Trainee: 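Below is a structure I'd like to ask you about.
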Amino acid sequence: MPRLLIVKTGDAFPEVVEAHGDFETLFQQALARAGFSATVFDARHEPLPALEEIDGLYITGSHAMVRDAEPWSVQFHPEFTVEVMRAYLTRQVAALRDQAQDPEALIAGVTATPEASSLLARFAEAVARSDKTA
């Protein structure tokens with residue numbers, strides 16, 4: 001089993017955390033569905049663990065990381081389920097309207113992205129394979 005680490009860099013919105021869990025929980029749930037586990041390191045409050053004891057790591061996002069609707073400020077969240085994405089959009093309805101977006105259409109248009117969500121497990125599988133060949 002690969003030694004996986006989730007580097008927590010921020011928190012999800014409180015209502016998202018309450019209903020679905022925080023970023024690291026979403027990562028852990030996605031990994032668990034594929035038979036993997038990972039420990040969590042909170043980069044804001046903990047010293048960096050010894051990297052030689054880690055085979056692979058994931059870095060969470062933070063809603064605080066994107067301040068403006070800049071073209072480069074797109075985030076990718078393979079840990080988000082349909083429900084979590086809809087909760088995030090619902091939380092940001094006013095901001096989306098301020099950016100001339102149609103939040104209701106965005107919410108209605110959210111669909112499952114198995115290719116994206118499988119990325120977390122595929123990374124763990126690649127790390128596990130490389131660990132066996134090392």
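Side chains included, hydrogens not; waters and symmetry mates left out as well; all remaining heavy atoms used. Everything numeric here is computed off the predicted structure, so don't read it as measured data.
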Trainee: Return the orientation label for the Tyr88 and Phe13 ring planes: parallel under 30°, perpendicular over 60°, tilted otherwise.
Mentor: tilted
Trainee: Taking all atoms of both residues into account, what is the closest heavy-atom pair of Ala112 and Val82, and its distance?
Mentor: N-CG2, 3.3 Å
Trainee: So how far is it from Met85 CE to Thr90 OG1, rounded to the nearest 0.5 Å?
Mentor: 9.5 Å
Trainee: Among the clusters formed by ILVMFWY side chains lying less than 4.5 Å apart, do Val7 and Phe27 turn up in the same one?
Mentor: no
Trainee: Do you know which two heavy atoms are closest between Pro78 and Ala116, and how far apart they sit?
Mentor: CB-O, 3.1 Å
Trainee: Give, for atom CD of Glu79 and atom CG of Leu119, the distance between the pair rounded to the nearest 0.5 Å.
Mentor: 10.5 Å
Trainee: Any side-chain to backbone donor/acceptor pair from Thr60 onto Thr9? Under 3.5 Å, distance only.
Mentor: yes
Trainee: Under 3.5 Å, side-chain donor or acceptor atoms of residues 28-35 against the rest of the protein: list the pairs with distances, not counting sequence neighbours.
Mentor:
| from | atom 1 | to | atom 2 | distance (Å) |
| --- | --- | --- | --- | --- |
| Gln28 | NE2 | Ala38 | O | 3.0 |

Trainee: With rounding to the nearest 0.5 Å, note down the distance linking CZ in Arg3 to CG in Leu51.
Mentor: 11.0 Å
Trainee: Do Glu104 and Arg97 meet the salt-bridge criterion of a basic N to acidic O distance under 4.0 Å?
Mentor: yes
Trainee: Same cluster or not: are Phe23 and Leu89 linked, directly or through other Ile, Leu, Val, Met, Phe, Trp or Tyr residues, by side-chain heavy atoms under 4.5 angstrom apart?
Mentor: yes
Trainee: How would you list, by chain and number, every residue that makes a side chain to side chain contact (heavy atoms under 4.5 Å, CB included) with Phe123, sequence neighbours excluded?
Mentor: Tyr58, Val127
Trainee: For residues Phe36 and Ala121, report the shortest heavy-atom separation together with the two atoms involved.
Mentor: CE1-O, 4.1 Å
Trainee: Phe41 and side chain to side chain contact (heavy atoms under 4.5 Å, CB included): which partner among Leu48, Leu57, Ile54, Ile6?
Mentor: Leu48
Trainee: Let me have the donor-acceptor pairs involving side chains of residues 14-22, under 3.5 Å, with sequence neighbours excluded, atom names and distances please.
Mentor:
| from | atom 1 | to | atom 2 | distance (Å) |
| --- | --- | --- | --- | --- |
| Glu15 | OE2 | Arg91 | NE | 2.6 |
| Asp22 | OD1 | Ala12 | N | 2.8 |
| Asp22 | OD2 | Lys8 | NZ | 2.7 |

Trainee: Quick one: do Leu4 and Ile59 end up in the same hydrophobic cluster if we chain Ile, Leu, Val, Met, Phe, Trp and Tyr together by side-chain heavy atoms under 4.5 Å apart?
Mentor: no
